[in-house]
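Order of the sequence lines sets the chain letters (A, B, ...), proteins ahead of strands, with each chain counted from 1.
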Amino acid sequence: MTGLHIEQVEKKYKTAETDLKDSFALEPIDLAIREGEFFSLLGPSGCGKTTLLKLIAGLLEGDAGKIRFGDKDLTHVPPEARRFSMVFQQSLLFPHMTIGENTAFGLKMQKVGKKERLSEAKRMLRMVGLEGYENRFPEELSGGQQQRAALARALVAKPRLLLMDEPFSALDPGLREDMRELLSGIQRELGVTVLFVTHDREEAFELSDRIGIMSDGRLLQVGTAMELYEQPASSKVASFLGLKNIISGNIRAGYFKSEDNGMEFQTIHKMADGRQFLILRPETLRPIVSNSQAPIGSVRFKGAVSKLKFKHGAYTAQIQAGNLQLECALSRDEAEKLEPAQAMELYVNQSDLQFVEH
Amino acid sequence: MKRMFLPLRICLSLILFLFIGLPFIALLISSIAAGWQWPDLFPETFSFRAWEYILVGSSGTWQSIGTSLLIALIVMIINILLAVPAANALVRFQFRGKRLAEAILFAPIIIPPFVAVMGIHLTFLRLGLTETILGVVLAHISPTLPYMVRAVMVSYSTLSTDWENQARMLGAGPIHRFYHVVLPHLLPGIAAGASLSILISLSQYLITFIIGSGQVVTLPILLFPFISGGDPAVASAYSLLFAGMAILALFSLDMALKKYYQTKNPSVLKVKGAKR
């Protein structure tokens, strides 16, 4: 058995004021991370993802559960002996040490000789693009450089697992993208297992092999970016992933009826009666123009264009269909034929309809 | 601030001189005066009798300076060893009786040392600690420790536990964490506390007198009889010597700190220098 295994780990916090009530709890969580994998925990702030990370690091002690790496039980092993490594939101470079000494710190703790550890630090710094900075002090570096040095320091001792707690969130957006690329390249080159915590879904989607979505101390869904996007387990996951067009409604006798009664159609999906959420991905909504015909059996809507937005080389149209606001992704050709307030018809293939229960 | 209005600068310098410089000049003159009586503005005759007495005579001055410095040094070391864990606990942990512990630690600042020393004296008599340097050292701790704890507490309160967590995640055990991460951050606070500890210990008279019973002779023990009515010239010379000793002690502490920073991180010194 390889990789990190988290079994039924839970943690309750008590605040001073409400001594008896649990102010915050991490529900029992099971999770397995494969060796060499880039795994992200994605969730809004305060959802418990940093708590989970600290439990895995050993900086917090869980109330119950086990943490194993490979065959070793690490639950009661202190953090310094777990051979994990961590990059925090701030770079936390020791101010009284040079960048070289900072980077070599992990090796120094493992009692590696001075010459060897400094040359290893140098190699690591070259990898993160900080060649020649060995003798500078942290305060002489920019924010991005400091975070690179922190990354080099975390990797130098070849950790079994690299934990990262929103490491790029304090950086400028442009810099953040550079750092992502750097991290991604280094992770692949060294084959290190990474557990990455972020609230930025773009970051998680771009970097990760698999993503775990967290909310309110619960792990809602785990999967690859594609799986999550195409088969969200719940409307909560869907809305957190930034999916548009989440319509709540009910299924009765094979018919879906939206809650505001603005939409009703027959589905070919065989589903039990009851409350359902319909998710329409923007790119599956297709306009019906004069020379095209909707495929037979597809679901049709009538609506009016309320707004056209141009973003990242593509168009999105806000379409008012009854009481519903739908978002629809359009190509340039399609968008140029539309005018604001124009009435139009849209269709969705039955196979592109996604239903989630809660 | 740099380009202060010139007359104001002259004025402030003058006040500084009047309050700090002038008393020293008066002391200097008094120490070499052979009788300085009212209403003379300056003494009529000068002699180096007082200096000769304290420096080359059989007054035991040098030995008392040695004793003073030795006691101050040991007190400082014990204070550091006590204050660092105490400050750590007081800043970082919540525990029952924390307020009480703080109150007891800081009480010697408010309560006159005489009160405590009477009790300590009795106990030390039983333990046989009176008339010994060890006894005096222990008695000096009570008025000096609060300042040390205070200074180290300030240092601790600006040290986020994130730093230690980071070191932990890099594989550093408790000793390494303290030595490589905590201590460098505490050092300025420790230095400030140590300076105060040295100064206060050096200037103790009453406590040394009672616990040492005249057998532990520090410089203030020699100095006081001359001030209270003996020989003003000798008292003046002793006062100057005392000031010199204190300044020398602080200066060497400063030099040691600078040397530490020079070998560890010259840039810290650079930043500090720029701020001055």
Side-chain angles (χ1 to χ4, degrees), chain A residues 16 50 53-54 56-60 77-99 101-112 117 121 135-141 149-150 152-165 167, chain B residues 84 91-99 152 154-192 256-275:
Chain A
T50 297
L53 194 76
K54 285 192 168 165
I56 294 167
L59 295 174
L60 284 176
V77 174
E80 58 265 34
R82 290 190 182 190
R83 283 195 46 227
F84 291 175
S85 184
M86 189 151 166
V87 177
F88 292 77
Q89 198 171 340
Q90 288 88 31
S91 60
L92 296 175
L93 295 169
F94 305 127
H96 55 284
M97 295 182 199
T98 61
I99 295 301
E101 287 167 344
N102 258 295
T103 309
F105 188 82
L107 293 173
K108 189 175 180 177
M109 292 305 107
Q110 292 181 6
K111 305 205 164 53
V112 175
R117 66 173 188 252
N135 295 320
R136 305 237 190 145
F137 282 93
E139 65 196 15
E140 299 172 71
L141 268 60
R153 179 175 65 173
L155 287 170
V156 79
K158 298 189 179 61
R160 293 198 270 214
L161 175 67
L162 175 63
L163 304 164
M164 303 186 90
D165 187 4
Chain B
V84 171
V91 171
R92 294 193 162 171
F93 299 102
Q94 294 299 327
F95 53 89
R96 225 172 259 279
K98 180 174 169 175
R99 290 256 156 218
V152 181
V154 171
S155 281
Y156 256 116
S157 63
T158 56
L159 177 68
S160 152
T161 46
D162 283 354
W163 293 99
E164 282 154 275
N165 282 344
Q166 174 69 81
R168 271 194 114 163
M169 293 314 296
L170 295 168
I175 295 165
H176 282 298
R177 287 205 293 279
F178 182 77
Y179 184 73
H180 292 292
V181 180
V182 178
L183 193 60
H185 183 89
L186 296 184
L187 211 60
I190 291 177
L257 203 64
K258 270 196 185 140
K259 195 159 172 133
Y260 170 85
Y261 276 125
Q262 246 155 20
T263 50
K264 286 274 174 178
N265 180 357
S267 80
V268 171
L269 210 64
K270 230 166 39 198
V271 173
K272 277 193 174 168
K275 272 181 192 160

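Residue contact with chain B, scored on non-hydrogen atoms closer than 4.5 Å, involves the backbone and the side chain of A:Ala57 alike. Neither the backbone nor the side chain of A:Arg82 comes within contact range of chain B; no heavy atoms are under 4.5 Å apart. Of the two parts of A:Leu59, only the side chain, counted from C-beta on, holds a non-hydrogen atom closer than 4.5 Å to a non-hydrogen atom of chain B. Only the backbone of A:Leu93 has a heavy atom closer than 4.5 Å to any heavy atom of chain B.
Although no hydrogens or angles enter the test, the distance criterion places a donor-acceptor pair under 3.5 Å between the side chain of A:His96 and the main chain of B:His180. With hydrogens and angles disregarded, a donor-acceptor distance shorter than 3.5 Å links the side chain of A:Ser85 to the backbone of A:Ala154.
In terms of heavy-atom pairs under 4.5 angstrom with chain B, the leader among A:Arg83, A:Lys108, A:Gln90 is A:Lys108.
The minimum heavy-atom distance linking B:Pro184 with B:Tyr179 is given by the pair CD-O, 3.3 Å. Across A:Val112 and A:Arg117, no two heavy atoms sit closer than the pair O-NH1, 3.1 Å.
Classification of the B:Trp163-A:Phe94 ring pair by plane angle, with boundaries at 30° and 60°, yields tilted.
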